[in-house]
Amino acid sequence: MKRLEIEVSGGCQCGAVRYHATAMFDNSHLCHCRMCQKASGNIFAALVAAPDDALTWERGKPSVWKSSELVERGFCANCGTPLFFHHLENGRTNLMIGSLDNPHSFPPLANTCTENMVTWFDTITSIENTGAIENNGADWAAAIMESNNQHPDRDTASWKVRGRDG
């Protein structure tokens with residue numbers, strides 16, 4: 001695995017937790033294990049690792065759940081965004097690619113734990129593409145934009161977490 005000297009940032013949907021990395025590894029992958037499926041609420045987790053010595057938490061701290069003796073998983077306690085998979089003994093934290101400000105920078109290079117891959121995974125690129133949301137529900141998209149509480153895909157000097165109940 002090659003270390004890449006590249007700066008990335010990311011965080012959760014509500015902006016309560018933000019991170020910054022000054023290096024990454026070239027291990028972007030889709031993990032199909034049942035733990036990653038459950039942790040992401042999806043059919044796979046898209047992950048790429050940052051060396052632990054290059055990763056800092058810039059705003060807030062993630063909540064952590066130890067999913068096994070060797071692994072902890074981080075998420076935002078406010079909005080629930082899954083943020084990482086951290087093997088406690090290998091010196092790297094696999095960040096959820098979707099939590100990066102620029103997820104396009106890390107296309108997956110491999111599928112792992114494919115014994116748990118859903119049987120229809122290979123068909124997802126051939127299903128109907130209904131286009132941009134603005135083309136399919138302009139009124140709905142406009143209403144979402146007017147009330148959007150999501151943090152922007154960039155670092156901000158300050159951010160008031162919105163959308164909290166109570």
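One-based numbering along the sequence shown. Only a predicted model underlies this, so the values are computations on that prediction, with no experimental measurement involved.
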At their closest point, which heavy atom of [X] faces which heavy atom of [Y], and how far apart are they?
X      : Y      : value
Leu95  : Ala50  : CD1-CB, 4.1 Å
Pro82  : Phe75  : CA-CB, 4.1 Å
Gly11  : Leu83  : C-CD2, 3.7 Å
Phe25  : Val48  : O-CG2, 3.5 Å
Ile124 : Ile127 : O-CG1, 3.2 Å
Glu69  : Leu88  : O-CD1, 3.6 Å

Decide side-chain contact (heavy atoms from CB on, under 4.5 Å) for Cys113 and Cys36; before the verdict, give the C-alpha distance in whole Å, the side-chain angles of both, and the deciding distance to 0.1 Å. CA-CA 10 Å; Cys113 300; Cys36 280; over 6 Å; no

Output the distance between atom [atom1] ([X]) and atom [atom2] ([Y]), rounded to the nearest 0.5 Å.
X      : Y      : atom1 : atom2 : value
Asn111 : Asp122 : CG    : CG    : 8.0 Å
Thr112 : Asn116 : OG1   : CG    : 9.5 Å
Arg73  : Ser63  : CZ    : OG    : 15.0 Å
Arg3   : Asp53  : CZ    : CG    : 4.5 Å
Met96  : Cys12  : CE    : SG    : 13.0 Å
Thr22  : Leu55  : OG1   : CG    : 8.5 Å

Side-chain donor-acceptor contact under 3.5 Å, [X] with [Y]:
X      : Y      : result
Ser105 : Asn102 : yes
Ser9   : Glu7   : no
Arg59  : Thr156 : yes

Are the side chain of [X] and the backbone N or O of [Y] linked by a donor-acceptor pair below 3.5 Å?
X     : Y      : answer
Ser28 : Pro107 : yes
Glu58 : Asp155 : no
Gln37 : Ile43  : yes
Thr81 : Cys76  : no

Taking the side chain as C-beta and beyond, is there a heavy-atom pair between [X] and [Y] under 4.5 Å?
X     : Y     : result
Val17 : Lys61 : no
Asn27 : Asn94 : yes
Val71 : Met35 : no

Going by the rule ring pair (Phe, Tyr, Trp, His ring centres under 6.0 Å), which residues pair with Tyr19 if we only count those two or more places apart in sequence or in a different chain?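 So Tyr19 forms a ring pair (Phe, Tyr, Trp, His ring centres under 6.0 Å) with Trp57.
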
Please step through side-chain contact (heavy atoms from CB on, under 4.5 Å) for the pair Met24 and Val8, ending with a clear verdict. CA-CA 8 Å; Met24 297 295 287; Val8 302; 3.6 Å; yes

Quick check on side chain to side chain donor-acceptor pair (under 3.5 Å): which of Arg18, His20, His151 does Asp101 satisfy it with?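 Among the candidates, only Arg18 passes.
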
Met1, Leu4: one ILVMFWY side-chain cluster at the under-4.5 Å cut-off?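 Each belongs to a different hydrophobic cluster.
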
Full working for side-chain contact (heavy atoms from CB on, under 4.5 Å) between Leu30 and Phe121: CA-CA 11 Å; Leu30 304 180; Phe121 176 76; 3.8 Å; yes

When you look at Phe44 and Thr114, which way does the side-chain contact (heavy atoms from CB on, under 4.5 Å) test go after all the steps? CA-CA 10 Å; Phe44 58 80; Thr114 56; over 6 Å; no

Test: side-chain hydrogen bond (donor to acceptor under 3.5 Å, both in side chains). Region: residues 38-51. Which pairs qualify, not counting sequence neighbours?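 Sorted pair list comes back empty.
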
